[in-house]
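This report concerns only the one structure given below.
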There are 2 protein chains.
Amino acid sequence: MAAPRDTPQRRAIEAVLAAADGFCTAQDVHARLRAEGHGTGLATVYRHLAALVEQGRVDVVTSPGGEARYRSCSGSHHHHLTCTECGRSVEVRIDAIERACARVGAEHGFRDVHHTIELSGVCDAHPAP
Amino acid sequence: MAAPRDTPQRRAIEAVLAAADGFCTAQDVHARLRAEGHGTGLATVYRHLAALVEQGRVDVVTSPGGEARYRSCSGSHHHHLTCTECGRSVEVRIDAIERACARVGAEHGFRDVHHTIELSGVCDAHPAP
DNA sequence: ACTGATTTTGAGAATCATTCTCATTCTCAG
DNA sequence: CTGAGAATGAGAATGATTCTCAAAATCAGT
Ligand SMILES: [Zn+2]
Ligand SMILES: [Zn+2]
Ligand SMILES: [Zn+2]
Ligand SMILES: [Zn+2]
């Protein structure tokens, strides 16, 4: 369960994530690697993706369809606003929400409260009403 | 794809959800039905669960493990605070968050913004620090 | 570089939740 | 009662993720 060292495969995977500016699926990463000539295996992609998530270098959200989608990100706490049309996503940080979540947890006698928040919508690069 | 009518199977499923006071998996529901003697099939459980979700009579959240968990709920907009130890969960409504989410969407030029929020922690029925 | 120990890799098999298929059973209006 | 259409359930199919394990790469010590 130790994090795999830095290897060419890991670098290739990080490169793919950096190139994409939205979330992409493990299978997507694998396909893109294959397209670029790297013979990286699917298992390896999953391994590194999991390690990167653990290190906080990559975010993962489980899409409604049930698959996990990955995206490289800054290390500190934040959430994502993602376009449902083009997949583009921006990191957002909203103190009001952070505070409200903490307060609600306390009010109900819960401790060690965590939260997951996902925002989605249609960005301004698409036909408007 | 039309919503199935009201049938004994549907009633049984709703009963199971009502009995449990936390989220449970489709497979859980199926198993519990079997245990109670109903010969309900897995496909039927999934069908009704999906219909109930569509009607807003049931909430669904995809757990970190990737499976969908269901819970009967009131119809109006709300979120859940769930205990990671016993699975108990309470509905919460936090205007501050609703407002903040809408505002952030607008600030970034997104329209038709939706959000999913899940709170989890340990409830006061468990050993404290 | 050579050797042996350790880690990483990748092809394919194994899992497992969910969805599909389809013949059978139900429901209900006429 | 009868026939059309809806619902059911057993089992197959799907598809993402995880596991298995032999081969390949890497490392430390010589
Ligand atoms: Zn967009
Ligand atoms: Zn937060
Ligand atoms: Zn609890
Ligand atoms: Zn809300």
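Just so we're on the same page: letters track the sequence lines, and every chain starts at 1.
Look at CG on B:Asp28: it is 10 Å from P on C:dT18, rounded to the nearest Å. As a whole-Å value, the separation of A:Glu67 CD from C:dA17 P is 17 Å. A straight line from CZ of A:Arg10 to C1' of C:dG10 spans 17 Å, rounded to a whole angstrom. One interatomic measurement links the two molecules: CZ of B:Arg47 to P of D:dA6, which rounds to 13 Å at whole-angstrom precision. Protein atom CG of B:Asp6 is 12 Å distant from nucleotide atom C1' of D:dA7, rounded to whole Å. Distance A:Leu49 CG to D:dA16 P: 14 Å, rounded to the nearest Å.
Two end axes, each from the C1' atoms of five base pairs, can be drawn for the helix from C:dA1-D:dT30 to C:dG30-D:dC1; they diverge by 30°, to 10 degrees.
Distances shorter than 4.0 Å separate none of the side-chain N or O atoms of B:Gln9 from OP1 or OP2 on C:dC26. OP1 or OP2 of C:dT9 has at least one side-chain nitrogen or oxygen of A:Thr7 nearer than 4.0 Å. A sub-4.0 Å separation between OP1 or OP2 of D:dA7 and a side-chain N or O of B:His48 is absent.
Partners of A:Thr25 by side chain to side chain contact (heavy atoms under 4.5 Å, CB included), not counting sequence neighbours, listed by chain and number: A:Gln27, A:Asp28, A:Glu67, A:Arg69. Looking at residues two or more places apart in sequence or on another chain, you find a side-chain hydrogen bond (donor to acceptor under 3.5 Å, both in side chains) between A:Arg11 and A:Asp6. Residues passing the side-chain hydrogen bond (donor to acceptor under 3.5 Å, both in side chains) test with B:Glu118, sequence neighbours excluded: none. Under the side chain to side chain contact (heavy atoms under 4.5 Å, CB included) criterion, A:Ala50 pairs with no residue, sequence neighbours left out. When the side chain to side chain contact (heavy atoms under 4.5 Å, CB included) test is applied to A:Arg34, the partners found at least two apart in sequence or on another chain are A:His30. Taking B:Phe23 as the reference, B:His80 meet the ring pair (Phe, Tyr, Trp, His ring centres under 6.0 Å) condition, with sequence neighbours excluded.
The shortest side-chain heavy-atom distance between B:Ile117 and A:Thr116 does not fall under the 4.5 Å cut-off. Counting only heavy atoms from C-beta outward, the side chains of A:Cys123 and B:Arg111 never approach each other to under 4.5 Å.
Across all strands, B:Gln27 comes closer than 4.0 Å to base atoms (heavy-atom distances).
For the contact set between residues 30-46 of chain A and DNA chain D, defined by any heavy atom under 4.0 Å, the members are A:Leu42, A:Ala43, A:Tyr46.
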Do any side-chain atoms of residues 86-98 of chain B form donor-acceptor pairs under 3.5 angstrom with protein atoms, and if so which ones, sequence neighbours left out?
from, atom 1, to, atom 2, distance (Å)
B:Arg88, NH1, B:Asp21, OD2, 2.8
B:Ser89, OG, B:Arg71, NE, 2.7
B:Glu91, OE1, B:Ser74, OG, 2.9
B:Glu91, OE2, B:Ser74, N, 3.1
B:Arg93, NE, B:His77, O, 3.4
B:Arg93, NH1, B:Ser76, OG, 3.1
B:Glu98, OE1, B:His77, NE2, 3.1
B:Glu98, OE1, B:His115, NE2, 3.1
B:Glu98, OE2, B:His77, NE2, 3.1
B:Glu98, OE2, B:His79, NE2, 3.0

